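Reviewing the structure listed below.
Each chain gets a letter, A, B and so on, in the order the sequences are listed, and its residues count up from 1. In this text the structure is predicted, and so the values were computed from the model without any measurement.
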Amino acid sequence: MDPLIQAQGLRVRYGRKTALDDVSFSVPKGRVVGLLGHNGAGKTTLMKALVGLIEAEGRLNVLGLNPRRQRVQLLESLAYIPDVAILPGWATAAQLIELMSGLHPKFSAERARTLLRRTSVAVGDKVKNLSKGMVVQLHLALVAAIDAKLLVLDEPTLGLDVLSRKAFYEMLIDEWCDGERSVLISTHQVEEVEALLSDVLMLNEGKLVLAIPLADIEQRFTALGHDAAAADAMAAAHPLLRYRVQGGSAALFDGTPPPEVAALGQRLRPSLVDLFVALTRQPEINRTQGL
Amino acid sequence: MDRFFTLMKREWMQHRIGWLVVMAVPTVLMLVLSLFDVRGLKVKIDGDATVVSELYQLPVALQTVGWTFATGLLTFVLACLAVLAQLPGLARRDVQDRSIEFWRSLPTSHVQSVGATVLMHLLVLPGLALMAGVLGAQLVALVAISSHLGLGAWLTQPWWMLLPVVLVMTARMLLGLLLAVAWLSPLLLLTMAASAWLKRWAVPVVVATLVVGVEWLDRQLPLAVVKPVLDRMATEALNALLATHSFKGMHFDSPEGVTAALPDLPALLLRDAAQVLGNTASPAFVVALLVGAAGFGLLVLHRMRAE
């Protein structure tokens, strides 16, 4: 089965700065993929390239289309929330539904109204009178009413309070994730999306440093909890990251550590946050892996 | 096409209050004016004759045409001023309110998006305002004539003669609007494009560029270019709205003479329309369209790159 997104050797430059550097990955259908990276890592650039808003070198195929040349056609089957609270302030929810009905061939006004009833936004509400969290909910309700195959979300919860973020992710799970449609969600709030994801892509300084199904993380990476006496031995084994855990320290290895080192510690489940810290703070260990 | 129409509808949704005001204010002003005893009306056509008369002593049909022309013209002028005031801001409107990201996430081309904005604000909304003004004028005429001469006077007008006059006059002004915008498109669209890039500095920069062009560049060149080009654009745009030379040689001794000439007005306006259309068959018009298209292209380019 063809993947929904196939990227090969993507490269984007802004003047002398390389925003994306030889990025290759693919996203099959029915996946919830987290695109993780610090600010300036290249997440937004990658998303804009995916929806055809910027030109990228390399090969890029999204839903079987060339995003740059077939942007309009692509956006008919791809829903995209590019930022937080960017709906036009002058419009009411009802006007946005009316406009979306005319602009998007796969938009269902009825479904949008149904979804909206599950939020605290009324159809007559003007966007400029809504809180940031309500605007995001309205935007997600509009986007979830599109019969699209792929949803691309760029930092959709940035700046929202905990309750709004929770409401957003609940709505996303309930109304979008059906096992058929895929989601690519960029964020640096790693811990919040971990439970949602099936796969993860990590970007660091424009390079893809990790592309892996979440289920494979435990197989590939090893975290060892250890006491102070084993610290030197752990450090000598060159872990990706050494960090503090409840009651001691831990070391994170890419692969299996040497048996004599493994014997000194207790195996822990490596968390996505630790992996994120490990892979996005040490450029020298950047590496690219296929999904 | 549906999408383009929806994008045009979006312009109406966003700006409808302002445009409704533009459409209604002239009618309201004229309604207020119509309640007063307007002392006189001057009919002056190309300096050939001047007839002064008490307004309500004029033939009723002429009063109706007068109110229609005055209200329509006032609405049209107000609409043009609204367009000129709004135009620079339109180019950066979506970037300013950050909704550009939302609009660009929808399956519409950049050409469609910019095209709908330009078409609505340069042609459709001023055209609608003009038609609203003409319609409002009929209300003004009804109120004015009824209040001074009685409802019967309004009802017994020669409608067979008036309707073609009003319709052709409106159509002629709509054609004039289209052609005037086409002639002025280099200035209008390049100002919009400048506004997209230079933001609030755009208008001062455009004005300064034109002043430098007229006052300095033209003197440096063996043959002046900037001023003649601006003059030609302005002349053609004004002629497109009303080619006054079409009315040269007309002479009226009395208001009744003007009324008697009214049935000929549609044919005269049609001839005038043919003449201004004929003026477009010139290299200058093609150049104007090409430069206007370049301005449009710059707007599309800016939208493609908008952050």
Residues A:Pro88 and B:Trp103: closest non-hydrogen pair is CG-CZ2, 3.6 Å
To the nearest 0.5 angstrom, please state how far the OG atom of B:Ser105 sits from the CD1 atom of A:Ile86. 5.5 Å
From B:Leu7 CG over to A:Leu103 CG, what is the distance, rounded to the nearest 0.5 angstrom? 5.0 Å
Decide salt bridge (Lys or Arg N to Asp or Glu O under 4.0 Å) for B:Glu101 and A:Lys48; before the verdict, give the C-alpha distance in whole Å, the side-chain angles of both, and the deciding distance to 0.1 Å. CA-CA 10 Å; B:Glu101 296 281 1; A:Lys48 284 189 172 176; 3.6 Å; yes
Looking only at heavy atoms, what is the nearest atom pair of A:Trp90 and B:Met13, with distance? CZ3-CB, 3.6 Å
Minimum heavy-atom separation for A:Leu99 and B:Thr6, please, with both atom names. O-CG2, 3.5 Å
Can you tell me which of B:Gln14, B:Met304, B:His110 forms the most heavy-atom pairs within a distance under 4.5 Å of chain A? B:Gln14
Measuring from A:Leu75:CG to B:Arg104:CZ, what's the distance to the nearest 0.5 Å? 10.5 Å
Within the supplied structure, the quantity of interest is the number of heavy atoms (other residues, nucleotides, ligands) at a distance under 6.0 Å from A:Arg118 CZ; does it exceed 12? yes
CZ (B:Phe69) with more than 12 external heavy atoms under 6.0 Å: no
With a 4.5 Å cut-off on heavy-atom pairs, point out which of A:Glu76, A:His104, A:Met100, A:Arg71 contacts chain B the most. A:Arg71
Heavy atoms, side chains only, cut-off 4.5 Å: are A:Pro105 and B:Arg3 in contact? yes
Check ion pair B:Arg10-A:Glu98 (N to O, under 4.0 angstrom): no
Look at the aromatic rings of A:His139 and B:Phe102 and report parallel, tilted or perpendicular, splitting at 30° and 60°. perpendicular
State whether the number of non-hydrogen atoms from other residues, nucleotides or ligands found under 6.0 Å of B:Trp201 atom CH2 is greater than 12. no
